[in-house]
Amino acid sequence: MTFNHVVLQNILRDKWTYIAYFLSSVFSIFIFFSFSVSMFHPDLSIIQNGSALSLAMMAGNVLVYLFSFIFISYSVMSFMHMKQKTIGLFVIMGASKKQIKKMIFRENMFIGIIAILTATVVGLLFAPLFLMITKKIMNVEGFAMYSPIKAIVLTSVMFLVLFLVISLITPFFIRKQQIIRLLKSDKKSEKEVRFSPLKLLLGLVTVGFSLVAMTIKNDASFIRPLVDSDFGVIVLLIIFLMGLYPLYMQLSLVIINTIQKTNYYLQKTNMLTVSGLKSKIRSNVKIMYLVSLLLMGSFFSIVMLYSANANVEDSTKANYPYSFMYVSTTGNAQEKEHVELIQSALENERGYQPYKFDVLYNLEDRGQSFISKSNYNQAVQGINGKTVSLKQNEVYIVSGSAKIAPNLEISPPFQQVFQEAEIKPQVVGSSSQNLLPTGYLSRLLVVSDEAYSKINQLNVFNHIDVFAYNIRDWKENIKLAETLETKIHIDSDVEYGLDFGFFSAGNLYATDKNAKNLMFYIGFMLSLIFMIAALSMIYFRLITDFDKEREMYKGIMKMGLSKKELSKVVSKQLFVLMFVPFIVASVFLFIGVDFLEDMIGGALQTIAIYSFGVFFIIQLLGYLIVNRKYRKTLIRELAKL
């Protein structure tokens with residue numbers, strides 16, 4: 001009998017121990033391969049290297065690989081914990097430490113190679129579906145099935161390296177334990193966990209502070225600087241994660257101890273259910289804590305990315321308030337030609353509405369400009385804005401960037417302008433609804449027609465003529481926008497040194513929509529990995545304790561516990577294990593929605609509710625399937641004894 005034969009027989013004998021490790025590996029490799037198939041498709045050659053979409057696809061593959069590494073590493077450690085008794089048997093039969101390491105290395109590599117081959121075959125079968133999804137997301141023509149040689153090579157090499165590293169490192173995590181401890185690894189009892197008021201207080205303070213900081217950030221001046229920076233948000237997240245575990249543990253003890261003092265504890269099989277949860281409280285809380293983190297990651301990722309995807313139209317209209325805009329500065333000799341070209345192309349479109357207004361700007365202070373009340377009132381008609389009524393000295397300030405409140409202070413250079421025009425400015429209001437593309441001007445000062453005329457007569461300002469157009473089908477007319485850009489010979493990004501600029505909301509929408517679709521696609525796949533990882537953790541937890549549970553219930557059934565009562569006990573304990581993390585993650589999701597709304601904008605409450613509903617259905621189906629399979633397996637094994 002060769003050593004490889006021993007390894008193979010060991011895998012086949014304990015196939016149910018290996019199956020979770022194998023399936024989790026196959027799933028991770030399958031996701032990575034599917035991304036790679038799309039990333040290397042010949043029809044994506046139109047995407048330039050270094051572009052946002054190209055970088056997003058590369059980032060997606062990198063993130064999937066990193067999470068796969070973490071996921072598979074955890075699977076290996078759980079798998080090794082289950083194999084301790086088997087390792088003890090090999091040692092007592094005379095296997096050396098070197099042979100044990102060789103066996104573990106070959107087992108991991110054998111499973112890894114089979115997982116790579118399986119995932120590649122499954123990936124090839126599902127490749128047309130993934131390509132169809134990617135085609136819709138990327139809005140690319142063609143995208144038919146091809147021979148994904150690069151994807152196969154990349155996937156094989158990357159995951160062979162991953163399994164090689166894991167296989168080399170894993171043997172070093174085997175503790176130098178006595179043989180008797182390895183053989184009794186499945187019979188070791190957990191250390192008793194004692195209630196600690198100090199740890200409970202620590203958890204309440206840290207988690208409470210994190211949640212309060214997120215909810216009152218806009219009303220507390222000492223909190224706002226912390227949550228307004230990326231570093232501050234990371235600090236809050238670390239504080240929250242550090243406090244959540246002791247809070248989980250101590251609250252679990254409080255709840256269980258409270259239940260044990262009630263009549264509910266003495267009814268039917270409740271004593272057995274609660275006592276079983278308490279006896280394994282350390283491992284239960286550990287797994288529920290990790291599963292809660294994974295579920296929170298899934299929930300927040302989906303809500304944030306779907307919200308960004310759903311709000312693209314609103315974001316586009318906020319940044320480019322009109323369907324098309326042509327801006328022309330003083331001295332632009334091509335203005336008449338370009339305006340006639342645009343009007344002839346758009347005037348037959350449905351819902352065509354033209355707008356014309358002008359702005360005064362100083363070359364030395366291009367960021368700030370003047371616009372008359374009449375021009376402003378005409379312009380806001382096209383963006384459904386509110387008109388203003390101003391007296392001679394009154395000023396109304398309009399932001400130059402979408403949804404950003406403008407600075408209401410008049411700068412010294414403009415104070416000088418008002419002084420020369422014999423105007424005493426009085427700011428009477430402001431608006432965060434920009435008229436020009438976001439960032440083209442820092443802000444607009446709306447003044448009365450009389451004041452505007454006086455400022456214009458100073459002859460220190462140049463004119464920007466703005467020709468704006470709205471059409472009904474601005475999102476669909478991408479080719480029209482591309483044709484106009486080609487004829488006008490300008491990119492969408494305007495530099496101040498140019499005499500004119502052309503802006504198309506449709507082009508911005510298409511670009512942004514493709515990017516957000518791709519981000520949502522990547523985030524959805526990562527969320528799937530998180531959810532599969534969460535289910536795998538619970539599965540490993542059940543498999544690890546299966547022999548111990550079987551022996552325990554064997555003794556209890558001899559005392560009169562029926563199969564029906566056993567099923568109820570197992571179902572209740574599994575329900576707690578699966579749904580407590582889900583409830584915790586859901587609670588924190590709804591608490592964090594307001595914080596996310598301020599960070600990324602948009603209305604997230606509705607999306608959060610829909611996401612909760614979808615995840616609840618998935619969680620419920622997962623519980624029903626796992627509960628049914630586990631109970632049947634446990635009862636079947638007990639019948640053999």
Side-chain angles (χ1 to χ4, degrees), residues 21-73 75 108-167 301 305 309 510-511 513-533:
Y21 174 35
F22 171 75
L23 291 177
S24 61
S25 300
V26 168
F27 179 79
S28 298
I29 300 168
F30 167 73
I31 296 296
F32 182 88
F33 176 75
S34 299
F35 265 109
S36 300
V37 169
S38 299
M39 188 173 68
F40 290 116
H41 198 286
D43 289 345
L44 283 187
S45 58
I46 58 172
I47 297 179
Q48 298 177 353
N49 291 329
S51 66
L53 292 180
S54 174
L55 292 174
M57 295 199 73
M58 291 177 62
N61 250 18
V62 171
L63 287 173
V64 170
Y65 187 77
L66 289 176
F67 283 114
S68 297
F69 182 84
I70 297 171
F71 183 23
I72 292 174
S73 298
S75 301
N108 280 315
M109 288 304 297
F110 179 78
I111 293 174
I113 292 171
I114 298 299
I116 291 171
L117 293 174
T118 304
T120 303
V121 172
V122 174
L124 288 172
L125 292 175
F126 282 90
L129 175 62
F130 272 86
L131 289 176
M132 182 178 68
I133 295 172
T134 309
K135 174 185 176 180
K136 185 174 180 61
I137 290 171
M138 302 288 291
N139 196 24
V140 179
E141 298 295 332
F143 229 63
M145 186 59 190
Y146 72 110
S147 298
I149 304 300
K150 290 183 179 179
I152 294 173
V153 172
L154 178 66
T155 304
S156 301
V157 171
M158 294 295 288
F159 279 92
L160 276 174
V161 171
L162 187 151
F163 281 110
L164 181 63
V165 171
I166 290 176
S167 300
S301 296
L305 293 171
N309 183 281
T511 302
K513 187 70 172 177
N514 283 346
K516 296 293 172 56
N517 280 345
L518 184 57
M519 288 171 62
F520 178 71
Y521 181 45
I522 294 169
F524 180 74
M525 291 302 173
L526 291 176
S527 295
L528 276 182
I529 292 179
F530 288 156
M531 293 205 71
I532 296 298

task: Would you name the heavy atoms of A119 and V26 that are closest together and state the gap between them?
output: CB-O, 3.5 Å
Heavy-atom pair of closest approach, residues L160 and I116: N-CD1, 3.7 Å
query: What is the minimum heavy-atom distance between T120 and F33, and which atoms define it?
result: O-CE2, 3.9 Å
query: About how many Å separate CD1 of I29 and CG of L117, when rounded to the nearest 0.5 Å?
result: 9.0 Å
message: Please find the pair of heavy atoms, one from Y146 and one from S36, that lie closest to each other, and give the distance.
response: OH-O, 4.3 Å
message: Nearest 0.5 Å, please: how far is CD1 in I114 from OG in S25?
response: 12.0 Å
message: Does any part of the side chain of L124, heavy atoms only, come nearer than 4.5 Å to the side chain of P148, both counted from C-beta?
response: yes
- line: Of all heavy-atom pairs linking F32 and M158, the shortest is CZ-CG, 4.2 Å
query: In Å, rounded to the nearest 0.5 Å, how long is the span from OG1 of T155 to CD1 of I31?
result: 11.5 Å
